[in-house]
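Accompanying notes for the structure given below.
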Amino acid sequence: MILQWLRKEVADTFLATVREMPPMSVPPASFEAGRNQHSSTKILKELLGEVPKDALKLLGITGMDLCIPILTYVFGEAQLGGTAAVVSTARLRQEFYGGAPDRPLFLERVRKESLHELGHTFGLIHCRSGECVMHLSNTVVDVDAKGRNFCTYCRTVAASNAGGGSGK
Amino acid sequence: MTMEKTVNIMVVDDEEIVRESLTSWLEEDGYHVECAEGGKKALERLPERNWDLMLVDLKMPGMDGIQLMDEVHKTSPDMLVIIMTAFATVDTAVKAMKKGAYDYFVKPFNPDDISLTIRKIVDHRKLVQENQFLRKELKKQYKLRDMISKNEKMLEIFDLARTVARSNSTVLIQGESGTGKELLARAIHDESPRTNAPFISVSCASLTESLLESELFGHEKGAFTGAAALKRGKLELAQDGTLFLDEIGDISLKLQMDLLRVLEQREFRRVGGSDLIAIGSRILAATNRDLKKAIAEGRFRPDLYYRLNVISIQIPPLRERREDIPLLVEHFIEKFNIEMGKEIRGVSEGAMRIMVDNEWPGNARELRNVVERAMVVAKGNLITEADVSLSSSGPGANPGAKSLEEIEKEHIRLVLNENHWNIVRSAHTLGIDRVTLYNKIKKYGLKREGVAPKE
Ligand SMILES: Nc1ncnc2c1ncn2[C@@H]1O[C@H](COP(=O)(O)OP(=O)(O)OP(=O)(O)O)[C@@H](O)[C@H]1O
Ligand SMILES: [Mg+2]
Ligand SMILES: [Zn+2]
Ligand SMILES: [Zn+2]
């Protein structure tokens with residue numbers, strides 16, 4: 001259900017066709033036992049092997065909490081200027097912080113982080129503008145505070161990167 | 001393409017997954033990142049470009065992080081190096097700081113911490129270089145803000161304090177009552193770039209659990225009965241300044257857990273509130289308790305200890321640095337001359353000998369109080385033996401093989417009885433604060449003896 005909704009949001013933003021793939025299980029090798037989290041880098045590698053021939057980008061959504069060895073957590077990871085991205089919903093829920101569930105807020109966060117990570121695959125780096133979805137957000141407070149779309153600058157850069165690369 | 005100048009970062013770590021993930025994360029922030037899997041490779045790559053920063057793992061086979069930093073500094077003395085380390089090697093990391101690392105991170109670290117640190121480095125690079133020059137100039141002095149000493153260990157502490165003042169690392173200051181823990185905390189704040197922001201001190205010992213909770217976190221209006229208005233907690237009031245958690249060894253296990261979570265996530269909620277508030281302040285903590293022992297006895301959480309003890313400073317008691325006693329006496333006389341409008345010139349030899357020989361369980365604070373009292377009663381412009389009242393039993397009155405604790409216990413009992421168990425007056429005489437006195441009464445199981453018998 002959330003994927004269906006997200007599919008439309010992503011399609012509307014990037015003006016592209018977005019397809020939902022059958023669910024994949026999180027690779028067991030990505031589990032970091034001592035931390036009870038999953039390595040986003042390892043998941044990303046796994047995703048890369050699953051990219052359909054006709055797809056330009058692949059976005060993975062997981063409920064697992066993600067991390068990289070050096071950071072306590074990440075909301076997601078992407079290949080900068082590459083193909084794959086992954087977003088974790090674990091820390092985007094109010095429940096994670098002891099709050100009451102807030103579905104609209106949760107969806108808004110999933111949307112922002114998905115666009116953000118996909119933005120990275122289009123070669124975008126963090127944007128100084130707080131209005132832009134590419135603004136760095138390490139906490140949900142930051143996620144909620146930043147804008148929900150790409151700023152004009154990022155939009156232009158992403159479009160030129162996409163156009164300059166291989167066709168669809 | 002960004003319009004700003006690219007920032008070049010070198011990541012040195014023997015683990016591929018660390019290099020890969022950190023690189024990808026930093027690249028998303030717009031930095032140019034390259035990696036090396038060890039010290040040798042890193043040195044080879046050094047001439048390749050104008051590096052702004054190196055992130056170096058402490059433990060690597062062959063050349064470790066500190067050795068690498070030393071080598072790098074031989075050819076590029078201004079290179080900013082951040083050492084990455086695991087809990088177990090915090091001591092080494094402190095050594096790294098002293099050897100010139102800009103900062104260090106304990107793995108795994110908070111994404112926000114590293115983003116902010118790197119941004120700051122990039123923004124303030126120039127400022128830091130100026131500071132380093134100043135620091136070298138200051139090194140020669142016996143002073144750190146309001147603190148003085150000529151003891152070797154203390155001078156090392158002053159040095160370390162100046163170094164850590166630049167970083168955002170949490171510092172745990174340990175030492176007996178009256179050794180100058182709070183003074184040192186203030187000095188660190190004053191030496192830091194946060195000097196113009198507030199220094200907020202919370203005494204964790206004097207409050208009940210729920211009071212301390214609302215003192216720290218604040219509360220929303222109506223959070224509990226009596227919460228008539230919104231109150232901002234000290235965490236909030238500290239803003240971008242320094243929050244000093246005094247007597248941290250005295251907080252309840254529940255609050256320890258809350259505090260740990262808050263320190264890890266660097267955000268908190270007011271009691272009864274739902275909004276998360278980010279912490280911008282730097283945290284310093286102090287205690288006069290033996291936290292290692294408290295951990296062994298299950299009274300203090302080890303994880304909180306490690307969080308706080310990123311940099312550890314142990315201030316030695318005054319009796320282990322008696323060379324400071326004459327220096328401090330002189331310092332206090334100067335200070336009180338101004339405050340009291342007196343013109344005391346010094347101390348007689350006999351008076352000085354008594355003071356140098358004393359054990360000073362209340363350390364510098366007790367010494368300060370003794371000097372203050374002596375100056376009040378002094379007839380001429382010299383403090384003599386008769387003016388120095390060391391509230392009876394000095395070490396001479398307690399000969400034999402007694403532990404320091406026994407002497408302290410007896411001494412406290414004596415002072416309490418002399419003052420008819422007036423806590424405020426006794427604490428003043430002992431040169432410790434009321435809370436410390438209560439704690440010691442509890443610790444030694446001291447009880448008021450019937451009708452205080454004279455003699
Ligand atoms: N090195 C020093 N130089 C000058 N004054 C000092 C020094 N050390 C301590 N003092 C004096 O001792 C007083 C007590 O110091 P401070 O309050 O920092 O002690 P503390 O370690 O925090 O004690 P407690 O554990 O009882 O809270 C200071 O106000 C200052 O007057
Ligand atoms: Mg104190
Ligand atoms: Zn932008
Ligand atoms: Zn990002």
Side-chain angles (χ1 to χ4, degrees), chain A residues 29-30 32 34-35 37 39-45 66-82 84-86 91 94 96-100 102 116-117 119-121 123-128 134-145 153-154 156-157 160-161, chain B residues 1-4 6-7 11 13-33 55-57 82 84-87 105-119 258 261-269 273-280 307:
Chain A
S30 70
E32 304 280 333
R35 306 177 50 168
Q37 290 174 309
S39 155
S40 57
T41 312
K42 286 181 183 160
I43 292 182
L44 212 52
K45 279 195 178 150
L66 300 181
C67 68
I68 64 176
I70 215 107
L71 297 182
T72 44
Y73 66 88
V74 292
F75 287 159
E77 188 179 340
Q79 269 185 308
L80 192 62
V86 60
R91 287 174 191 256
Q94 280 301 80
F96 184 86
Y97 307 94
D102 186 334
H116 180 104
E117 295 306 337
H120 282 315
T121 67
L124 296 182
I125 59 170
H126 292 147
C127 179
R128 287 275 163 140
M134 287 315 291
H135 194 67
L136 173 62
S137 45
N138 289 322
T139 65
V140 281
V141 179
D142 300 341
V143 175
D144 295 343
Y153 174 77
C154 288
T156 315
V157 174
S160 82
N161 284 348
Chain B
M1 289 290 120
T2 50
M3 280 170 284
E4 291 161 46
T6 344
V7 174
V11 172
D13 198 302
D14 54 317
E15 270 183 273
E16 189 186 355
I17 185 83
V18 171
R19 293 197 301 270
E20 215 177 288
S21 58
L22 191 55
T23 302
S24 127
W25 195 80
L26 288 168
E27 278 178 348
E28 289 179 0
D29 228 6
Y31 303 118
H32 178 93
V33 188
L55 283 162
V56 177
D57 186 33
I82 291 181
M84 305 183 286
T85 175
F87 276 154
F105 286 117
V106 180
K107 290 191 248 186
F109 36 82
N110 218 319
D112 238 17
D113 288 347
I114 184 161
S115 308
L116 291 177
T117 302
I118 297 183
R119 288 246 161 116
D258 292 348
R261 213 193 47 236
V262 163
L263 294 183
E264 272 176 350
Q265 315 206 319
R266 291 202 64 82
E267 53 192 13
F268 68 100
R269 288 191 179 84
S274 55
D275 291 349
L276 281 163
I277 303 170
I279 298 179
R307 247 312 135 185

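None of these values were measured; they are calculated from a predicted model. Below, read A as the first sequence line, B as the second, and so on, with proteins coming before strands; counting in each chain starts at 1.
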What's the spacing between B:D113 CG and A:T72 OG1 if we round to 0.5 Å?
8.0 Å

Measure across B:E267 and A:Y97 and return the closest heavy-atom pair with its distance rounded to 0.1 Å.
OE2-CE2, 4.4 Å

Among B:E28, B:E264, B:R266, which has the most heavy-atom pairs under 4.5 Å with chain A?
B:E28

Honestly, the part of A:L136 sitting under 4.5 Å from a heavy atom of chain B is side chain

Which atoms form the tightest heavy-atom contact between B:M84 and A:I70, and what is the distance?
SD-CD1, 3.6 Å

Per-residue contact mode, B:E20 against chain A (heavy atom under 4.5 angstrom)
side chain

So what's closer than 4.5 Å to chain A heavy atoms on B:I277: side chain, backbone, both or neither?
neither

Quick one: which of A:H120, A:M134, A:Q94 has the most heavy-atom pairs under 4.5 Å with chain B, could you say?
A:H120

Working to the nearest 0.5 Å, report the span between CG of A:N138 and CG of B:D29.
8.0 Å

Between the side chains of B:D112 and A:T139, is a donor N or O closer than 3.5 angstrom to an acceptor N or O?
no

Can you tell me which portion of B:E15 sits under 4.5 Å from chain A's heavy atoms? Options are side chain, backbone, both or neither.
neither

Residues in ring-ring contact (aromatic ring centres under 6.0 Å, His included) contact with B:Y31, at least two apart in sequence or another chain:
none

Could you look at A:A78 and say if it's the side chain, the backbone, both or neither that has a heavy atom under 4.5 Å from chain B?
both

B:F109/A:L71 under side-chain contact (heavy atoms from CB on, under 4.5 Å): CA gap, chis, key distance, verdict:
CA-CA 5 Å; B:F109 36 82; A:L71 297 182; 3.5 Å; yes

Which atom pair, heavy atoms only, marks the closest approach of A:P69 to B:P108?
O-CB, 3.9 Å

Which atom pair, heavy atoms only, marks the closest approach of A:V140 to B:L276?
CG2-CD1, 4.5 Å

If I measure from the heavy atoms of chain A, does B:S274 come under 4.5 Å with its side chain, its backbone, both, or neither?
neither

Under 4.5 Å from any heavy atom of chain B - which part of A:T41
side chain

